[in-house]
**Q** 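Before we start, here is the structure in question, set down as structure tokens.
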Amino acid sequence: MTKVRTRFAPSPTGYMHIGNLRTALYEYLVAKKDPEGVFILRIEDTDQGRLIEGATDIIYNTLAQCKLFHDEGPDVGGNYGSYVQSERMKSGIYKEYAEKLIELGGAHYCFCQEEDIQAQRELAEARGESFIFNDPCKKLSSEEIQSRIAAGEKYVVRQNIPSTGTTSFDDEVYGTITVENSTLDEAILLKSDGFPTYNFANIIDDHMMEITHVIRGNEYLSSTPKYNLVYQSFGWDIPTYIHCPPVMKDEHHKLSKRNGDASFQDLVAKGYLPEAIINYIALLGWSPETEQEIYTLDELKQAFNVKRIGTSGAIFDIDKLTWMNGMYLRNMDIDTYFELANPYIEKAVSNKYNHKYIAKILQQRANTLAEIEEMLDFFDNYPSFDIELYNNKKMKSNPEIALPSLKATKELYENLPNWEESTIHDEMMALVEKLGIKNGQLLYPVRVAITGKQFTPGGAIELSHILGKEETLRRLDIAIKQLEQ
RNA sequence: GGCUCGUUGGUGAAGCGGCUUAACACAGCGCCCUUUCACGGCGUCAUUCACGGGUUCGAAUCCCGUACGAGUCACCA
């Protein structure tokens with residue numbers, strides 16, 4: 001069996017689309033399922049002048065962050081020619097192949113004017129007819145063709161499509177698809193400037209790079225029969241096709257840059273982990289055989305099976321990603337977590353507080369790194385707040401109950417032998433006992449008083465400990481004064 | 001408009017003719033745990049698989065049609 005070779009062929013647009021990333025993931029997984037499989041990166045940078053500075057770096061960085069390491073590519077080399085399409089263009093290979101295809105009867109020269117064809121098309125559409133271009137140039141004699149070319153007349157190379165019969169292909173996810181040849185347009189392969197069209201370049205590149213599995217979005221489903229006709233004319237092996245359903249923003253729209261939808265970089269900036277993003281998008285449109293949902297990349301390689309890719313579009317659900325990201329955050333060891341979270345903790349909390357301890361209480365609560373800053377804002381800035389906050393039905397707390405609780409806590413805190421968390425805990429519990437109230441009636445008001453927030457990462461005891469005796473007492477004082485008014 | 005593809009709950013989805021009075025997960029809701037929130041635990045959330053026919057003893061599962069949606073029909077990639 002020949003070894004599997006797949007390729008990821010993005011355009012450097014400066015934006016790593018989630019759908020594209022998923023395609024890259026699937027390409028990587030299909031390749032790596034085979035111990036000798038090869039995953040290739042080919043940059044398709046022939047976009048009409050839309051070159052964006054640093055855009056290829058985004059592609060390299062994204063793949064590296066996701067650990068989707070490619071075996072061949074512009075930056076890592078390989079034995080299959082340039083991996084940058086603009087460089088391949090210069091070599092003239094496409095023209096050679098186009099001419100070869102003409103010899104083989106799979107294509108022909110066409111001297112028609114673009115405007116003429118366009119006019120015909122518009123005429124047909126105006127009449128409500130479907131338009132299939134019937135190229136008169138197909139009837140040209142080879143002598144005439146030669147003389148017109150010799151005379152310097154512009155031409156394109158156009159694919160030959162039989163006017164009868166059908167063309168079928170097998171897709172691993174959509175099954176066998178058959179179309180009537182009579183509904184297929186004879187596509188231009190080589191443009192009048194001598195450069196190939198995207199689809200033709202793709203066919204040639206994939207063949208030259210010995211790609212065995214073509215994985216792409218299902219928007220290519222309709223053009224695949226035309227691809228096959230070219231392969232057949234050349235007598236080349238047809239790759240295995242794996243068309244994937246789209247990743248949607250909502251019921252009707254695909255996720256796209258135009259809509260301003262989140263890209264991979266945006267998600268990372270929002271505090272999502274590349275591992276979690278990969279894990280989540282693997283499950284968008286593909287389902288494993290077991291009920292397992294959390295997968296490492298290695299586990300994904302094991303579990304992945306093309307046959308279980310679905311056929312209908314999947315809506316990107318940020319809530320589920322958020323949940324999954326939280327799972328990753330919670331399941332990592334505290335040191336790793338601290339390393340990841342600290343930059344965010346630094347943004348919100350000055351060094352006078354113990355960041356490591358803060359990370360510990362944060363780990364079970366934050367689902368994304370980016371939300372950390374807001375969760376910790378009360379450390380350096382003690383906010384003013386409404387005494388309404390003391391009202392909590394479940395805790396049986398209200399401003400009236402809060403005042404004596406705060407006063408008692410203040411007195412207790414002032415006389416504590418030390419500021420260990422265990423000491424604070426034991427003494428506070430004893431105080432609850434002594435006052436004959438509920439835990440929440442003491443601890444809830446204290447927590448509100450020292451943070452000014454309804455929700456905090458951690459309870460009154462933990463937070464008192466982190467804030468330190470002096471700061472805690474200061475805040476308690478302010479809170480008591482506010483309540484006394 | 002032609003062609004191609006799709007349609008199971010709010011979302012991702014399992015299901016491949018009887019084991020399904022449709023799994024699992026997210027979100028939601030309720031309860032429990034708990035010094036808040038979160039975590040964790042428990043429960044609830046589609047009598048029904050877009051709709052209509054047909055095949056069959058039996059259909060979400062097979063066939064046909066309808067509706068709706070998407071993709072594609074460029075000398076763009």
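These values consider heavy atoms only, across backbone and side chains, with no hydrogens, waters or symmetry-generated copies. In what follows, chains are A, B, ... by sequence order, proteins preceding strands, each numbered from 1.
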**Q** Report yes or no: is there a donor-acceptor pair, N or O only, under 3.5 Å between the side chain of A:Arg447 and the base of B:U36?
**A** yes
**Q** Of the listed nucleotides (B:C26, B:C39, B:G6), which one gets closest to any side-chain atom of A:Trp323?
**A**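 The answer is B:C26.
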**Q** Is it the case that the side chains of A:Asn325 and A:Thr368 hold a donor-acceptor pair, with the cut-off being a distance below 3.5 Å and no angle test?
**A** no
**Q** Using a 4.0 Å heavy-atom cut-off across all strands, classify A:Ser223 as base, sugar-phosphate, or nothing.
**A**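 Contact class for A:Ser223: none.
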**Q** Under 4.0 Å, heavy atoms only, any strand: does A:Ile461 hit a base, just the sugar-phosphate, or nothing?
**A**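 Base contact.
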**Q** Indicate whether OP1 or OP2 belonging to B:U34 is found under 4.0 Å from a side-chain N or O atom of A:Arg365.
**A**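 Checking A:Arg365 against B:U34: no side-chain N or O falls below 4.0 Å of OP1 or OP2.
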**Q** Tell me whether the rings of A:Tyr26 and A:Phe304 are parallel (<30°), tilted (30 to 60°) or perpendicular (>60°).
**A** tilted
**Q** In whole angstrom, give me the gap between the P atoms of B:G10 and B:G2.
**A** 32 Å
**Q** Return the residues of residues 167-180 of chain A meeting this criterion: a heavy atom under 4.0 Å from some atom of RNA chain B. Order them by number, or give none.
**A**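 Heavy-atom contacts with RNA chain B come from A:Tyr174, A:Ile177, A:Thr178, A:Val179.
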**Q** Are any side-chain N or O atoms of A:Trp286 and backbone N or O atoms of A:Asn305, one a donor and one an acceptor, separated by less than 3.5 Å?
**A**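 Looks like yes, one N/O pair under 3.5 Å.
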**Q** As a check on the pairing definition, encode RNA chain B in dot-bracket form, counting Watson-Crick and G-U wobble pairs whose two distances are under 3.5 Å, and using | for partners outside this strand.
**A** ((((((((.[[[..)..(.....]]].(((((.......))))).....[[[[[..)....]]]]])))))))....
**Q** Between A:Ser263 and A:Tyr15, what is the shortest heavy-atom contact and its length?
**A** CB-CE1, 3.5 Å
**Q** For nucleotides 59-70 of chain B, read 5' to 3', which letter fits each nucleotide if B means a protein heavy atom sits under 4.0 Å from the base, S means only the sugar-phosphate is that close, and - means neither?
**A** ----------SS
**Q** Using only atom types and a distance under 3.5 Å, with no angle test, would you say the side chain of A:Glu373 pairs donor to acceptor with the backbone of A:Ala348?
**A**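 The answer is no, because no donor-acceptor pair under 3.5 Å joins these two groups.
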**Q** Looking at every strand, decide which applies to A:Arg121 at a 4.0 Å heavy-atom threshold: base, sugar-phosphate, or nothing.
**A** sugar-phosphate
**Q** Just checking A:Asn199: base, sugar-phosphate only, or nothing, at a heavy-atom cut-off of under 4.0 Å?
**A** base
**Q** Check if the side chain of A:Lys394 and the base of B:U35 share a donor-acceptor pair of N or O atoms closer than 3.5 Å.
**A** no
**Q** From C-beta outward on A:Thr183, which listed nucleotide comes closest to its side chain: B:C3, B:A13, B:U36?
**A**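 Among the listed nucleotides, the one closest to the side chain of A:Thr183 is B:C3.
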**Q** Counting side-chain heavy atoms from C-beta on, which of B:C26, B:C75, B:G40 comes nearest to A:Asp319?
**A** B:C26
**Q** Pick base, sugar-phosphate or nothing for A:Lys438, based on heavy-atom distances below 4.0 Å to the nucleic acid.
**A**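 Nothing, no heavy atom under 4.0 Å.
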**Q** Quick one: salt bridge (Lys or Arg N to Asp or Glu O under 4.0 Å) partners of A:Asp193, sequence neighbours excluded?
**A**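 Partners of A:Asp193 by the salt bridge (Lys or Arg N to Asp or Glu O under 4.0 Å) criterion come out as none, since no residue qualifies.
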**Q** Does anything in residues 424-432 of chain A reach RNA chain B, meaning a heavy atom under 4.0 Å, and if so which residues?
**A** none
**Q** Contact list please: residues 184-196 of chain A against RNA chain B, heavy atoms, distance less than 4.0 Å, in numerical order.
**A**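 The stretch gives A:Asp185, A:Ile188, A:Lys191, A:Ser192 as the residues lying under 4.0 Å from the strand, ordered by number.
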**Q** I want to verify a distance call: between B:C26, B:C37, B:U7, whose nearest atom is closest to the A:Thr311 side chain?
**A** B:U7
**Q** Looking at A:Ile466, is its backbone amide N or carbonyl O close enough to the side chain of A:Glu471 to form a donor-acceptor pair, meaning the two atoms are under 3.5 Å apart?
**A**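 Checked: no pair found.
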**Q** Of all the choices, B:A25, B:C24, B:G12, which nucleotide is nearest to the side chain of A:Glu293 once you look at every atom?
**A** B:A25
**Q** Looking at every strand, decide which applies to A:Glu114 at a 4.0 Å heavy-atom threshold: base, sugar-phosphate, or nothing.
**A**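 Contact class for A:Glu114: base.
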**Q** Measure the spacing between CD1 of A:Ile437 and CE of A:Met395 and express it to the nearest 0.5 Å.
**A**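 Answer rounded to 0.5 Å: 12.5 Å.
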**Q** Give a yes or no answer on whether the side chain of A:Glu186 reaches the backbone of A:Asp135 with a donor-acceptor pair at less than 3.5 Å.
**A**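 No; zero donor-acceptor contacts below 3.5 Å.
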**Q** Using the C1' atom as the point on both nucleotides, what is the distance between B:A14 and B:A25, in whole Å?
**A** 11 Å
**Q** Could you check A:Gly313 against A:Gly458 and say which one's nearest nucleotide on RNA chain B is further toward the 5' end?
**A**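 Whichever sits nearer the 5' end wins; that is A:Gly313.
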**Q** Only counting residues at least two apart or in another chain, list the ones meeting ring pair (Phe, Tyr, Trp, His ring centres under 6.0 Å) with A:His465.
**A**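 A:His465 satisfies ring pair (Phe, Tyr, Trp, His ring centres under 6.0 Å) with A:Tyr357 only.
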**Q** Atom CZ of A:Phe133 and atom P of B:C75: how far apart are they, to the nearest Å?
**A** 10 Å
**Q** Show the nearest heavy-atom pair for residues A:Leu41 and A:Tyr83, with the distance to one decimal.
**A**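 For A:Leu41 and A:Tyr83, the tightest heavy-atom pair comes out as O-CB, 3.6 Å.
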**Q** Going by side-chain hydrogen bond (donor to acceptor under 3.5 Å, both in side chains), name the residues that satisfy it together with A:His243, two or more places apart in sequence or in a different chain.
**A**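 A:Asp171, A:Arg216, A:Thr224.
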**Q** To the side chain of A:Phe455, which of B:U36, B:C39, B:U35 is closest?
**A** B:U36
**Q** Which part of the nucleic acid, if any, lies within reach of A:Ala460 when heavy atoms closer than 4.0 Å are counted: base, sugar-phosphate only, or nothing?
**A** base
**Q** Provide, to the nearest angstrom, the distance between the CD atom belonging to A:Glu122 and the C1' atom belonging to B:A74.
**A**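 One finds 12 Å between C1' of B:A74 and CD of A:Glu122, rounded.
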**Q** Quick one: the side chain of A:Lys320 and the base of B:A25, do they pair up donor-acceptor inside 3.5 Å?
**A** yes
**Q** Please enumerate all residues that pass side-chain contact (heavy atoms from CB on, under 4.5 Å) together with A:Met375, with sequence neighbours excluded.
**A** A:Leu362, A:Arg365, A:Ala366, A:Glu371, A:Pro457
**Q** Can a side-chain donor-acceptor contact be found between A:Asn392 and A:Ser397 if the only test is distance below 3.5 angstrom?
**A** no
**Q** Could you work out, with ring pair (Phe, Tyr, Trp, His ring centres under 6.0 Å) as the rule, every residue matching A:His207, not counting sequence neighbours?
**A**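 A:His207 satisfies ring pair (Phe, Tyr, Trp, His ring centres under 6.0 Å) with A:Trp236 once adjacent residues are dropped.
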**Q** Answer yes or no: are there more than 12 heavy-atom neighbours, outside A:Lys360 itself, under 6.0 Å from its atom NZ?
**A** no
**Q** In residues 275-289 of chain A, which ones come under 4.0 Å of RNA chain B, going by heavy atoms?
**A**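 RNA chain B contact set from residues 275-289 of chain A: A:Leu283, A:Leu284, A:Gly285, A:Ser287.
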**Q** Please confirm whether the backbone N or O of A:Glu293 pairs with a side-chain atom of A:Asn279, one donor and one acceptor, at under 3.5 Å?
**A** yes
**Q** Is the CD atom of A:Gln120 crowded by more than 12 outside heavy atoms at less than 6.0 Å?
**A**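 Yes.
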**Q** Is a side-chain N or O of A:Asp333 found less than 3.5 angstrom from the main chain of A:Thr336, in a donor-acceptor match?
**A**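 Yes: the side chain of A:Asp333 pairs with the backbone of A:Thr336.
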**Q** Please classify the nucleic acid contact of A:Cys112 as base, sugar-phosphate, or nothing, using heavy-atom distances under 4.0 Å.
**A** base
**Q** Listed by chain and number, what are the salt bridge (Lys or Arg N to Asp or Glu O under 4.0 Å) partners of A:Glu153, not counting sequence neighbours?
**A** A:Arg148
